[in-house]
Structure formats: structure tokens, C-alpha cells
Amino acid sequence: MLNNFPLWPQQASTIAGHVDALYIFLLIVCGMMALLIFICLVYFAARFRNRPGVRAEQIEGSTPLEITWSTIPFVIFLVIFAWGAVVYFKERTPPDDATEVYVVAKQWMWKLEHAEGQREINELHVPVGRDVKLIMTSQDVIHSFYIPAFRIKQDVLPGRYTVEWFRATKPGTYHLFCAEYCGTQHSGMVGDIVVMEPAQYEAWMNGGSTGPLSATGEKIFAELGCSTCHRTDMQGRGPNLEGVFGKPVQLEDGRTVTADENYVRECILNPGAKRVKGFQPIMPTFQGLVSEEQVNALVAYIKSISATKGEPARASASTAAPKAEPNGSQVQ
Amino acid sequence: MPDSTAVGLQNEEQHNPALLHHFAEPQQQRDAASLGMWVFLATEVMFFGGLFCAYLVYRRLYFGDFAAASKTISMGYG
Amino acid sequence: MPTAMPQPERENYLNKEYGVWSWLLTTDHKRIALLYLVSITFFFFIGGFFALLIRLELLTPAGDLVQADTYNKLFTMHGMVMIFFFLIPSIPAVLGNFLVPMMIGAKDLAFPRINLLSWYLYIIGGVMMLHCILTGGVDTGWTFYAPFATNFTNSNFIEAALAIFVAGFSSILTGLNFVITIHRMRAPGMTWSRLPLFIWAHYATSIIQLLGTPVLAVTIVMVAAERVLHLGIFDPKLGGDPLLFQHLFWFYSHPAVYIMILPAMGVVTEIIACFSRKRIFGYSFVAFSSIAIAVFGFLVWAHHMFVAGMSVYAALVFSLLSYAVAVPSAIKVFNWTATLYKGSIHYDAPMLYAFGFLGLFTIGGLTGLFLAALGIDVHVTDTYFVVAHFHYIMVGGAVMGYLGGMHFWWPKISGKLYPEGWARLAALIVFIGFNLTFFPQFLLGYMGMPRRYYDYSHMPEFQVLNVLSTAGATVLGVGYLLPMIYFLWSMRYGKPASDNPWNAAGLEWKTPSPPPTFNFEEEPVVTWEAYNYDELDAPRDDAPRKEEVPVAR
């Protein structure tokens with residue numbers, strides 16, 4: 001028991017150093033404030049203990065002193081706030097080109113799927129030095145994906161996606177915890193993040209997969225009959241989905257939203273909520289007909305058919321078709 | 001100020017039977033009751049305010065669903 | 001021979017009437033305070049027992065003492081009982097009920113029957129909660145987040161929720177009573193600026209109770225409706241939003257923590273003034289900082305949700321406001337410390353508790369700065385860091401304040417003196433036990449140990465700190481048992497107390513110990529400022545501070 005008694009978690013991500021720096025700053029500042037107060041307390045307690053014949057001096061107060069000891073701490077607090085905000089921004093802004101991993105949390109396990117198709121349960125293999133973005137959702141209750149060594153945590157909610165990112169800096173195996181109470185085996189919902197050298201990671205990746213997630217999505221798209229309405233010519237009863245991901249979409253009620261992961265998911269599960277302008281409300285809901293993993297695969301597929309770069313939102317020029325779509329498709 | 005606050009109640013004629021023992025004067029009692037009622041109403045505002053807020057948020061986000069649901073309202077249950 | 005003649009006991013609120021009904025149907029604020037005292041002490045030991053079991057389980061990494069479900073129920077019931085049935089009522093319902101009318105020179109609260117109703121609502125809620133515990137308990141966590149509590153828990157959650165709902169109205173009515181009493185029942189000459197700071201603290205607390213608790217009540221109604229009727233308010237499968245629950249819940253539960261700490265701050269202010277023999281430094285600043293805490297406390301709730309999936313910009317706003325709410329608390333700590341300067345300090349047990357409060361509240365408050373920092377909160381939220389932070393404030397702060405206040409006003413309440421030597425020992429044991437229990441948890445939290453884990457066999461490196469924490473908890477338990485024992489002892493065997501054994505300022509000390517039912521023989525007319533210790537300690541009055549009554553040691 002005594003051999004393994006660390007007092008500080010490992011630093012294994014790019015953000016960990018920033019978090020620790022702020023923490024140490026706070027330890028020093030708060031430590032000094034506490035020390036100052038304790039020294040005053042101890043000194044006053046000793047120096048002004050009751051002595052026969054010595055009376056207390058009634059002091060009403062001192063407004064300048066009050067202003068001083070309100071303003072100085074407040075300024076210090078603002079500095080801490082600003083620094084914390086900067087770190088937080090970094091934590092919550094994933095880089096654009098990060099590798100994506102889909103996470104589905106359920107009571108009481110983590111199911112992960114790499115974009116390339118590898119599936120993992122309670123384990124995540126990542127290469128050192130690569131930005132990794134986790135796109136997460138829950139099948140049941142709220143969970144939280146927490147990697148102490150990376151200093152990151154994000155609640156995982158049912159009904160929507162939340163996002164978390166990191167770049168690992170040190171190979172090794174690190175704890176993964178569920179950090180939002182989720183029922184009986186909440187303490188059992190733990191796992192490992194395995195950070196590997198790039199070469200090792202490639203080797204691991206090639207050790208069998210079911211094909212890229214987007215290909216799975218393409219299959220589901222066809223199996224569920226989505227392509228019946230979502231055709232790539234202008235004849236479809238539903239909007240053409242090529243090039244749609246990440247672009248603004250005009251809705252029937254006048255709003256404009258961005259077609260991100262949450263929007264695509266919502267369209268699949270609750271099509272009436274944000275109907276695209278110019279189309280009839282005839283899309284059936286697939287709530288209960290698709291699992292979270294299948295929704296993830298569909299989202300990956302929709303992303304993949306928008307993957308050609310430099311496409312304006314409503315270009316009429318034909319584009320080079322991605323993957324297996326026919327040529328001459330009109331981009332909506 | 002009449003001395004009707006003394007425990008022994010010396011001045012009977014100044015003691016209104018509706019005056020509760022812990023109040024000095026009827027006016028104080030009325031003020032306390034009135035202020036008490038207003039404060040209680042404020043708590044009721046907070047109680048229902050949260051409920052109305054939640055209702056309004058959802059009504060704005062899902063007005064289509066509300067419109068559709070209103071067509072299925074049972075007149076019997078109100 | 002003169003000493004053989006027993007004196008007839010002077011009539012006071014305790015002996016005015018005897019019999020169970022004279023207590024259960026009383027409208028005397030002092031008797032109601034004692035009814036509360038008995039009830040909350042009972043719930044304190046229930047909550048404490050659950051805490052003991054939690055700490056015993058965490059001695060070893062494996063989950064080997066209780067089953068997972070049982071552990072989940074233990075921490076849930078510990079939280080619910082301690083927060084709703086001990087901490088929230090404690091100081092206001094016991095010390096506030098007893099002292100607010102006396103401190104302002106009134107005969108009773110504005111609405112004595114509503115005061116009794118408050119106690120009955122508390123008891124009804126308490127009985128429901130006890131029944132819930134006895135029929136298996138609830139495992140949702142005291143925070144009962146949706147959708148777990150609404151759709152997934154198999155426990156008797158509705159009963160627990162309704163128990164809290166009922167107890168919430170007890171809290172609202174107590175707040176109502178205090179606000180009206182303080183506004184309308186002050187004795188002639190008792191202006192706002194002459195009020196003891198204990199009253200200002202309870203005034204601020206009551207505002208929070210009045211405005212915040214109804215929101216919890218309506219949240220509970222919605223959660224119960226969701227669970228029973230599947231309305232889809234919080235369930236995403238029906239179009240609901242789990243985050244809405246969190247906003248509604250924390251909108252009350254953050255101000256609730258100020259309900260728990262402000263009264264303790266009021267107690268500590270009174271104790272420090274008395275045992276330094278001087279007026280509090282910066283009276284107006286302390287008074288207004290209580291109000292400022294109450295107001296700002298309503299604006300910071302989402303700092304519990306920085307990783308919940310809220311927008312980054314909302315998080316920024318709440319972080320900034322959380323730093324703003326820290327300033328008034330800091331002002332108070334500085335003012336208390338400055339009060340000691342050039343004081344004449346005595347180290348009786350209440351003052352030891354006040355010193356303990358100062359140290360522990362400072363640490364707890366400073367760690368709040370860590371949590372308000374967004375970048376750090378991402379790492380430490382939902383870990384033992386948060387557990388340590390709030391226990392430093394709730395236990396190291398509020399409970400120390402409560403115990404200090406109980407010691408300070410015990411002579412007034414019971415007419416007896418508690419044994420000073422034992423009381424000082426207990427204070428020391430509580431302080432040591434507390435730090436040993438909760439300081440290691442800061443380290444555990446930064447290491448990454450999550451909350452609400454009964455089994456940490458994947459992380460055996462956490463064991464050493466957990467063992468230290470459990471050791472501290474047993475010491476703390478002993479420290480809490482001692483006052484129970486010697487207060488009860490003193491009721492029978494303690495030396496009788498004089499009217500003002502501490503020679504303290506305040507109208508409550510101008511009545512006999514224990515006071516008569518209507519507090520004052522004649523309505524006092526106040527012509528002096530609060531904390532008039534210079535007059536009380538004037539040279540003519542050079543008798544020993546506690547007059548001629550010896551202190552039992």
C-alpha cells in the first residue's frame with residue numbers, strides 16, 4: 001500500500017500542463033492568503049489575550065481598509081478568472097482536423113468506435129501527438145468521460161452529442177473514469193486510455209476492423225431506405241445530403257442552423273423539429289429503429305459525403321462525386 | 001405609548017380582544033399580517049414562475065408540437 | 001441552615017407548563033426552538049451514521065462492506081438527511097427561533113402559530129424521509145439528476161422527493177416569519193443599524209429561503225410528474241432536456257448553501273465580539289456583505305454545470321459572477337480577524353469554535369476559488385476535491401458555527417452551564433478530526449478520484465489517503481458525541497447560570513436564564529448601539545467577567 005502513494009496525477013496531454021500551472025498559481029496565491037490570515041489570527045490571539053487591567057479598544061472600522069481588502073482580492077480573482085477562462089477555451093475548442101472517435105456511454109460501459117472502424121469497449125487506443133476529438137452520447141442516463149491524466153472531463157448526455165478533445169503527449173496507460181453518478185455500477189464504469197507510439201498505433205489499427213464507420217453508415221443509409229427520398233438529383237422528396245454537413249441550413253420557420261452532428265442526429269430521430277425550407281413534413285422518425293452506434297455511423301457517412309473541400313453552400317456546378325455516388329450531382 | 005405590553009395587562013380598556021399577546025399595538029399586528037401576505041405571494045411567484053418559465057421555453061422551442069397536441073386535447077379533462 | 005431552604009424556582013418558559021401537549025401545541029418560539037433542537041439532533045446522528053458507513057467502505061479499494069446499490073443509497077441518504085433535515089434548519093430553526101425575538105426586544109415571532117406549523121411540516125417531511133430510509137432508501141444522489149431519477153432508479157424516489165418538498169415549506173415559513181418579525185417587531189429604539197449582526201445574517205438567510213425554496217418545490221413537482229406521468233420535461237426521448245433539470249435544481253441548491261452558512265457567520269460574529277470584548281470591526285460592511293451574499297448567491301448557480309454541456313459563454317458569465325460572490329465572504333473574514341486586533345480575548349469553548357470556523361471556512365472558501373476557475377473545474381468537478389470543499393464549509397464552517405452558538409447560548413436556553421473543560425476538549429477533537437477527515441480529500445480529488453465511487457480497486461493508489469480520511473472521521477464522530485453527552489448532563493447536574501454569564505451585549509442577555517415565556521417583563525427601549533462592550537466592561541464593573549457564578553470544570 002505504501003509503495004504506490006502518488007500525490008499528483010501524471011501529466012499526459014498538452015492541456016495538462018496548462019491546468020497544472022493555473023492550479024499551482026492558485027495554490028501559491030490562496031496559500032499566501034490563508035497564511036496571512038492564519039498568521040494574523042494566531043498573532044492577535046496571542047498578543048491580545050485578556051490580561052487583567054487591559055481593556056479592549058473599541059474600533060468602529062476603517063472604510064479605506066475595507067475598500068483595500070475588497071479591491072485587491074477582487075483584482076486577483078479577476079486574474080484567476082481570466083487565466084481559467086483562457087485554459088477553458090483551449091479545453092473546449094477542438095482543432096478542426098482532429099481525428100474523431102465516437103463514444104456511446106451506457107450503464108455501465110463505454111463503447112468507442114474509431115472513424116476507421118475499430119470498436120473498443122472501456123478502452124481507447126490513441127497515438128501520441130495526434131489531436132483526438134471524442135463525439136459522445138449516452139444511451140440512457142448522464143455519464144461523464146473523465147481522464148485525470150489529461151485533465152479533461154465532459155458530461156455525456158442522452159439525446160445529444162457533447163464533444164471533448166485532447167492531444168496525448170506521453171505513451172502509457174491512463175485511467176478513464178465515469179464521473180457523473182449513473183447508478184449501481186457507476187464505480188465500475190472505468191477503463192483505460194492507451195497512448196501508443198505512432199508506429200505501434202498503426203500496427204494496432206491494422207489488426208482487424210470492420211471497415212470505416214462511414215462505410216457502415218452508407219450501408220445503413222441504404223438499408224433503411226433513406227436514399228429513396230434523399231436522392232442526389234433534384235427529384236428527391238428530401239434534401240440532397242451531399243455537401244450539407246457543416247453548412248448553414250434554412251429552416252421552414254425562418255431560422256438558419258448549422259448542420260452539425262447534433263442537427264443530423266435530430267433530423268433522424270425527430271424530423272419535424274427543424275424541417276428544411278421547401279420540403280414537405282413527410283420524413284418518418286427513426287427513433288427506436290436505430291441504435292446510438294447506427295446514428296453515429298450515419299453521421300459519419302453524412303460527413304464523408306460532404307468531405308470534398310471548397311464547396312460553396314448552393315453551388316450549381318457539378319462536383320466530383322465522393323465515393324460511390326453518381327456524377328453530375330447537384331449540390332444543394 | 002400605552003403600557004399594554006406588560007405581561008400583567010394592567011390597562012384592560014386599552015386591550016382590544018383581537019390583539020394577539022405578542023404585538024404591542026393593533027396597527028403593528030395589521031402591518032405584520034399584511035407584509036406577511038405580500039411576502040408569501042412573492043414566494044408563490046417564485047414557485048409558479050419556474051413552472052411557467054419551463055413551459056414558455058418548451059412552447060417556443062417546439063411550437064409545432066404544441067400546436068399539434070392542442071388538437072388532441074380532451075374537453076372532459078379540461 | 002439558610003442553605004437548607006430550597007428556593008422556589010422562578011417561573012420560566014421551561015417550567016411554566018408541564019405535559020406533552022404543552023410542548024406539542026406550544027406557540028412559544030423558545031419551546032419550538034427546543035422541539036427543533038431535539039429533531040435535528042436526531043437527524044444529525046442518522047446522517048452521521050450513514051457517513052460512518054461510507055467511510056468504512058472506503059477503507060479498502062474493493063467494495064466489500066456493502067453492495068453497490070446499498071452504498072449508493074448510503075451517500076444519497078447521507079446527503080439528503082444532512083442537507084434538508086439538519087443543515088438547512090439547524091441554526092435558523094434552533095438558535096434563530098430562540099434568539100431573533102429576544103435580540104430585537106419582541107415577545108415572540110410575528111406568527112407564532114405558523115412557527116409551530118413550520119415544525120410540524122419539518123416533522124412530517126422527516127417522518128416521510130425516515131419511512132423512505134426504512135423501506136430501502138433512495139439511490140439517486142442528493143442531487144437526483146434526471147433522467148436517472150426520473151426514469152431509471154428503482155428506489156422509492158417519489159417519497160423522498162415529497163419529503164423534501166414538505167420540509168421545504170417548513171423552511172419557507174420560517175423565513176417568512178423572520179422577515180416579518182425583523183421588519184415589524186423591533187422594540188422602540190432598535191433601529192436597523194443597532195441590530196446584532198446575527199439578525200442581519202438571519203434576515204439575509206430568510207430572503208434566500210423565501211425566494212429560492214419555492215423553485216426547488218416546483219422542480220420536485222416536475223420531477224415527480226415526469227416519473228409518474230412521463231410528461232417528457234426532462235426525458236430526451238420525449239423531447240425533454242436533462243439540462244433544464246440541472247438549471248432548475250441548482251437555481252435553488254446554490255442559494256441553499258448560503259442558507260446553510262450565513263447563519264453560522266452570524267453566530268461567529270456574535271461570539272467574536274463577545275470574547276474579544278469589542279464591537280465588530282466594520283459593522284456596516286459585515287451587515288451589507290450578508291445581503292450581498294444573498295443577492296449574488298442567486299446569480300451563480302450554473303458553476304455546478306461547467307462540464308454539463310452548457311455553452312462556453314454561459315460558463316464564462318457564471319465563473320465571473322462566482323468570483324464576485326467570493327468578495328463579500330472575504331470581507332467578513334477580514335473583518336472578523338480585524339476585530340481581534342486590540343481586543344481582550346478569552347478562550348472559552350464558543351471562542352474556540354469560532355477560531356475553528358475562521359480557519360476552516362477560510363480554507364473552504366479559498367478552495368471555492370479553485371472551483372470557480374473554469375480551466376481547473378473541468379479537472380476537479382465531480383471529484384473528491386468538491387467533496388472536500390463543501391465539507392470544509394458545511395462542516396468546518398456551518399457545524400462549527402452551530403456548535404459554537406449552542407455553547408454560547410446554552411446558559412440562556414437551559415439556565416445551566418456546560419462543563420468548560422470538556423467543551424474545550426471536544427472543540428479540539430472536532431477540529432483535529434475534521435482536518436484529518438477532509439484534507440486528504442483535496443489531494444484525492446486532484447489525483448482524479450471521482451465522487452460516489454464505492455469501489456476503487458482499479459486505483460489502489462488512492463487507498464492511503466482514504467484510510468487517513470476514515471481515521472479522521474472516527475475522531476470527528478467522538479468529537480460530536482461529547483457535546484451531546486455533556487449538554488444532557490448539564491441539564492441535570494450543571495451549575496445554574498446567571499442572566500449574563502459571559503457579560504455579553506445583546507438584549508437576550510438582559511433576561512433571566514432561562515427566560516420567562518414572554519421574554520421581557522417590560523418592553524425594552526433601546527438607546528444604545530450594538531456591541532456596547534465598552535459600557536459593559538466599564539471600570540466600575542470590574543467584577544469577574546462571569547460574575548460570581550463559578551464555571552463547572
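Order of the sequence lines sets the chain letters (A, B, ...), proteins ahead of strands, with each chain counted from 1.
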Answer whether the closest heavy-atom distance between the side chains of [X] and [Y] falls below 4.5 Å.
{"X": "C/L244", "Y": "B/Y58", "value": "yes"}
{"X": "C/L176", "Y": "B/T43", "value": "no"}
{"X": "B/F23", "Y": "C/M185", "value": "yes"}

Judged by atom type as modelled, is there a donor-acceptor pair below 3.5 Å linking the side chain of [X] to the main-chain atoms of [Y]?
{"X": "C/K107", "Y": "B/H21", "result": "yes"}
{"X": "B/H22", "Y": "C/A106", "result": "no"}
{"X": "C/E523", "Y": "B/A24", "result": "no"}

ask   = Which value, rounded to the nearest 0.5 Å, describes the distance between C/R184 atom CZ and B/R30 atom CZ?
value = 12.5 Å
Can you tell which part of [X] gets under 4.5 Å to a heavy atom of chain B, answering side chain, backbone, both or neither?
{"X": "C/L109", "answer": "backbone"}
{"X": "C/H183", "answer": "side chain"}
{"X": "C/F169", "answer": "side chain"}

CZ (B/F66) with more than 12 external heavy atoms under 6.0 Å = yes
ask   = Out of C/T219, C/V179, C/D241, C/L248, which one racks up the most heavy-atom pairs below 4.5 Å with chain B?
value = C/D241
key: Residue selection (most heavy-atom pairs with chain B, distance under 4.5 Å) from C/D108, C/I114, C/L210, C/T517   = C/L210
query = For the residue pair B/F47 and C/V221, what are the closest heavy atoms and their distance?
reply = CZ-CG2, 4.4 Å
query = When heavy-atom pairs shorter than 4.5 Å are enumerated against chain C, which of B/L51, B/V45, B/V57 gives the highest number?
reply = B/L51
